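Side-chain atoms are counted along with the backbone in the values below, which use heavy atoms only and exclude waters and symmetry mates. Fair warning: this is a prediction, and the values are worked out from it, not measured in the lab. We count ligands from 1, going down the list as the structure has it; atoms in each ligand are counted the same way.
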Amino acid sequence: MTIRLFNTLTNAIEELHAADGEALRIYACGPTVYDYGHIGNFRTFLHVDVLRRVLELLGMKVRHVMNITDVDDKIIRNAAAANVPISEYTPRFEKAFFEDLDALSVEHPEVVARATEHIPEMVNLIQRLAEQDLAYKTEDGSWYFRIAGFSEYGKLSKKDFTGITDGARVDVDEYDKDSARDFALWKAPKPGEYRWETELGPGRPGWHIECSAMAMEYLGESFDLHAGGEDLMFPHHENEIAQSESATHKTFARHWFHVRFLLVEGRKMSKSEGNFYTLRDLLLKGYKASAIRFLLTAVPYRQQLNFKFDGLIAETRAVERLRTFDQRLRSITPAANTNPELATATEEASRNFCAALANDLNTAEARAAVFELVSLGNAAADAGTLGAENIAQIRELLTDFDKIFSVLEDNDAQWTRFALEWAEREGRLDEASPEVRAQLSLSDAQIDELIEQRNQARRTRNFARADAIRKELLEKGILLEDSKDGVRWKRK
Ligand SMILES: [Zn+2]
């Protein structure tokens, strides 16, 4: 089965193929590591994750490259305010970014490339442009790309830039959304600013050139798919195309994949609106990492998601329902015979699940197919008509489902605790809700009480409950040790 995906460049849904017949070469714009990522960023990273997981499920190999922007105006500004060099400022936010991806169960790309480690490649690309008179140097020593020299400018964002003013420039990383101006490839240093000494002169790279240079370094001058949030389409991706295709005279990326922005409670997310959330904010409020992943992937990537707290609660229940069903399938005694209607329904659900994902990653329909089957499966289990073959068949579908959605394994307590410990280190514990804060430590009396409940469960041979209590204590940092004198415990 092949996957059909909307291509922003051609404005059509197209089959996606690996041009080299081996691995799909994907470049996805990564984070600028000057702060913690917000849920809008993570919606994009999650849908890129869904894309690569679907490709893998369909048996394709993926070579996925992501950049880390570890030098730009905001980083320089923030590092200066914190009075540290940028090389000391960015690592903590890069680390936090990968921790957040792990909390959201996002697969890591095959290659992670930092901008500051690819300066020679960027200098080389700018020199190639300069040789064709498509890059020019200004008096202060910065280099700009000549947009008027690239006649196809605007082909991705479908903006009409006829009559572009030759030589009009923009020299900040924060761009006007509607005007085309020559953009900085290389920025001369301001007094006191960190600089690289290069053949272009001293300075640092612009934001756009890093993605072009690193994509070509790891994927070649022409590759299969470029991904990013819709906010990057213009000017960032348009500029990547202009400078790459001008330098190589080849198609840069054949397929462009853009993830739409989300709203929060019906409004645009912004700090000034007070509805701006990082992943850590939500974990500290007591929302589970799995529910956040499930909600952020619930609506197909080209549709706007309205992120609501009610929605998070509903997704928590939905995840719980799946986990309970999965558990039930593992522990139930099968009926003597296979239930033929259920077998047919399971086949149909499996087909619909795959077809929905292969059809432009329709996550909503893929989920619906599986949830419908959960209802049928539970009804059959209640009626005692769930045969061994039914169980095996349904579990196979759940396994495929989880290869994409990745919510069945319960690591939620671990990630909540992780966020709490982070907040404690950062002096931000007051941002955690009281219920969440209570998890940070249990009193001795609470621990004794739980151990007593576990003993009780063991006496009544309810080993599942006993194990659940042991696990709960472990997640709260309490280790149990069974001995012939009873149970001892210690804090981790
Ligand atoms: Zn980029």
message: So that I can check it, does any N, O or S atom in Cys29 come closer than 2.8 Å to the Zn ion (ligand 1)?
response: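 Given the 2.8 Å cut-off, Cys29 counts as a ligand of the Zn ion (ligand 1).
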message: Taking backbone and side chain together, does His237 place any N/O/S atom at a distance below 2.8 Å from the Zn ion (ligand 1)?
response: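 So His237 does not count as coordinating the Zn ion (ligand 1).
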Identified salt bridge (Lys or Arg N to Asp or Glu O under 4.0 Å) counterpart of Arg204 within the set Glu210, Glu193, Glu197: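 Among Glu210, Glu193, Glu197, the one meeting salt bridge (Lys or Arg N to Asp or Glu O under 4.0 Å) with Arg204 is Glu193.
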message: Taking His208's backbone N and O only, do any of them form a donor-acceptor pair with Gln243's side chain (distance below 3.5 Å, no angle check)?
response: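 Yes; at least one donor-acceptor contact below 3.5 Å.
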field: Metal-centred angle, the Zn ion (ligand 1) as apex - NE2 of His236, SG of Cys211, 10° resolution
entry: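 Roughly 110°, rounded to 10°.
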message: Assess, by modelled atom type and distance only, whether the side chains of Asp281 and Thr278 contain a donor and an acceptor separated by less than 3.5 Å.
response: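 Distance-only check passes for Asp281 and Thr278.
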task: Please round to the nearest 0.5 Å and tell me the distance separating atom NE2 of His226 and atom CG of Leu219.
output: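 So the gap between those two atoms works out to 9.5 Å.
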